[in-house]
Number of protein chains: 2
Amino acid sequence: MDALTQAQLEAFRKGLEPYAVFNEAEWIVFTQYISLQNFKKKQLFAEEGKVCQYVGFVLKGSVRYYHIKDGAEITNYFSFENDFASSYKSFLTGDTAVNYIEALEPTQMMLISKKNLDQMLANPMLAYKIERFGRLIAEHYLICCEDRLSSFVTQTPEERYLKLLETGRDILKRMPQHYVANYLGITPVSLSRIRKRILTV
Amino acid sequence: MDALTQAQLEAFRKGLEPYAVFNEAEWIVFTQYISLQNFKKKQLFAEEGKVCQYVGFVLKGSVRYYHIKDGAEITNYFSFENDFASSYKSFLTGDTAVNYIEALEPTQMMLISKKNLDQMLANPMLAYKIERFGRLIAEHYLICCEDRLSSFVTQTPEERYLKLLETGRDILKRMPQHYVANYLGITPVSLSRIRKRILTV
DNA sequence: GCAAAACGTTAACAAAAGATAAGGAAATGG
DNA sequence: CCATTTCCTTATCTTTTGTTAACGTTTTGC
């Protein structure tokens with residue numbers, strides 16, 4: 001764990017605003033439960049078979065979620081700056097994770113450990129605000145997840161890719177195409193064909 | 001809206017226990033924000049283009065979530081007894097819904113309106129408990145949603161069906177096969193073929 | 001700066017899924 | 001109770017995707 005600079009704390013505070021706004025006293029207490037970690041490229045943040053002890057907030061960089069199936073990696077999701085990142089099920093339930101999360105480039109994350117989160121929820125000064133904070137984050141990701149889920153049920157891979165062209169610039173700009181293909185639920189070869197099909201039309 | 005019986009209230013209280021346990025005083029106040037509605041078969045609970053004003057808790061019966069695409073219905077999800085049901089994104093954000101929810105049989109739901117939920121969150125006697133209640137529900141459905149989402153990325157339709165055979169007895173027992181096919185992200189014809197393939201092996 | 005690895009495209013073939021239609025069984029609703 | 005609708009299967013044909021491998025380009029890591 002590294003030392004926190006004022007600039008990092010401010011960026012974090014700003015990034016949390018959609019979910020929680022702290023007054024000065026609360027912020028001082030809150031930040032005592034926070035740590036900063038720098039990840040090298042390819043360094044793991046979560047690992048299959050291990051309990052994910054942290055939820056991270058990406059200050060700089062990006063991470064990739066992936067599963068390993070039949071020895072091959074399948075990329076599931078990404079988090080960029082100002083996103084949270086965690087193997088949520090593992091973090092929330094204490095079960096071992098079924099996926100990996102790795103940094104795709106040098107990445108800075110603010111970390112909240114499960115232990116510290118539970119302590120904040122038991123701390124009368126923060127509990128109420130943290131309950132709400134957690135509710136709003138969970139709701140936010142539930143909505144994202146639902147949207148993406150319904151795209152798998154109601155859309156073809158080509159339609160999902162076209163939608164990504166409209167709304168997923170970050171992913172398309174910053175991720176290699178074979179990760180994007182996995183994210184869309186298809187193989188890299190198939191995405192390459194879809195791209196060709198679209199250009200030809 | 002219909003009158004609430006003591007038995008229904010008790011069933012509701014019991015069903016909420018994983019998320020919130022109320023003392024007597026809280027329960028009396030909480031239940032003032034609740035209503036009961038009976039749905040006939042095929043009656044709509046949520047509708048595309050309209051804001052979903054309620055989150056429901058299924059006491060009896062079942063509901064089906066579906067989209068309409070090119071004039072055809074595509075079934076997305078189900079809720080059974082002791083499940084919540086809502087077009088969550090619409091309910092939480094106030095945007096119009098993109099899907100329909102209909103009762104598949106005579107169905108009883110406890111309803112919490114968005115307006116009443118907001119009032120509870122503003123009521124000091126309930127606010128803290130309701131924040132937590134909301135957090136735990138959102139977390140629960142986030143985990144469900146994430147699991148299902150990763151099944152679309154990492155598994156074939158056949159593998160998803162085999163998993164449903166293990167863990168989705170409710171859906172398989174109570175839902176017609178063409179709804180199940182949609183739920184798995186494939187056509188009814190394709191599911192029929194998968195079933196044949198499995199039997200033959 | 002160079003060798004190795006990673007990446008995207010393309011081709012060829014196999015496997016699976018979508019579309020459409022037909023037939024029969026089962027459920028449903030007067 | 002009977003006519004209608006709903007549902008599942010099957011067949012045929014088309015489209016799409018998966019698999020594997022090859023090739024050239026780009027990036028990466030000493």
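Order of the sequence lines fixes the chain letters, A, B, ..., with proteins taken first and strands second; residue numbering starts at 1 for each chain.
- Atom CZ of A:Arg160 is separated from atom P of D:dT16 by 14 Å (rounded to the nearest Å).
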5'-to-3' dot-bracket of DNA chain D (Watson-Crick, G-U; under 3.5 angstrom; crossing pairs as [ ]; | other strand): ||||||||||||||||||||||||||||||

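- Distance OH (A:Tyr161) to P (D:dT16): 17 Å, rounded to an integer number of Å.
- Rounded to an integer number of Å, the gap from A:Lys196 NZ to D:dT17 C1' is 16 Å.
- A salt bridge links A:Lys69 to B:Glu159: at least one charged side-chain nitrogen sits closer than 4.0 Å to a carboxylate oxygen.
- For the side chain to side chain contact (heavy atoms under 4.5 Å, CB included) with A:Tyr161, the lone residue among A:Thr156, A:Leu191, A:Ile186 that qualifies is A:Leu191.
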Nucleotides 16-30 of chain C: protein proximity per nucleotide (B base, S sugar-phosphate only, - neither; heavy atom, under 4.0 Å): -BBBB----------

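- A side-chain donor-acceptor contact under 3.5 Å links B:Thr107 to the backbone of B:Glu105.
- Between B:His178 and D:dC8 there is a side-chain N or O to OP1 or OP2 distance below 4.0 Å.
- Judged by distance alone, the side chain of A:Gln8 and the main-chain N or O of A:Thr5 form a donor-acceptor pair under 3.5 Å.
- One N or O on the side chain of A:Lys129 and one on the backbone of A:Val21 form a donor-acceptor pair closer than 3.5 Å.
- Across C:dT9, D:dC8, C:dG8, the shortest atom-to-atom separation from the side chain of A:Pro176 is found for C:dG8.
- Note on ring orientation: taking the six-membered ring where Trp is involved, the planes of A:His140 and A:Tyr19 are perpendicular (angle over 60°, cut-offs 30° and 60°).
- Panel note: side chain A:Ser87, backbone A:Ala97; no donor-acceptor pair is recorded below 3.5 Å.
- Following rounding to the nearest Å, A:Lys42 (NZ) and C:dA6 (P) show an atom-to-atom distance of 6 Å.
- The aromatic rings of B:Tyr100 and B:Tyr66 lie parallel to each other, with less than 30° between the two planes, well short of the 60° mark.
- Atom CG of B:Asn182 and atom P of D:dC8 are 11 Å apart (whole Å).
- Taking atom CG of A:Leu184 as the reference point, atom C1' of D:dT17 lies 14 Å away to the nearest angstrom.
- With rounding to whole Å, A:Arg64 atom CZ is found 14 Å from C:dC7 atom C1'.
- The 5' end of DNA chain D is approached more closely, in terms of each residue's nearest nucleotide, by B:Tyr179 than by the other of A:Pro188 and B:Tyr179.
- Taking the six-membered ring where tryptophan is involved, the planes of B:Phe22 and B:Trp27 are tilted, since the angle between them lies from 30° to 60°.
- Neither OP1 nor OP2 of D:dT6 sits under 4.0 Å from any side-chain N or O of B:Gln177.
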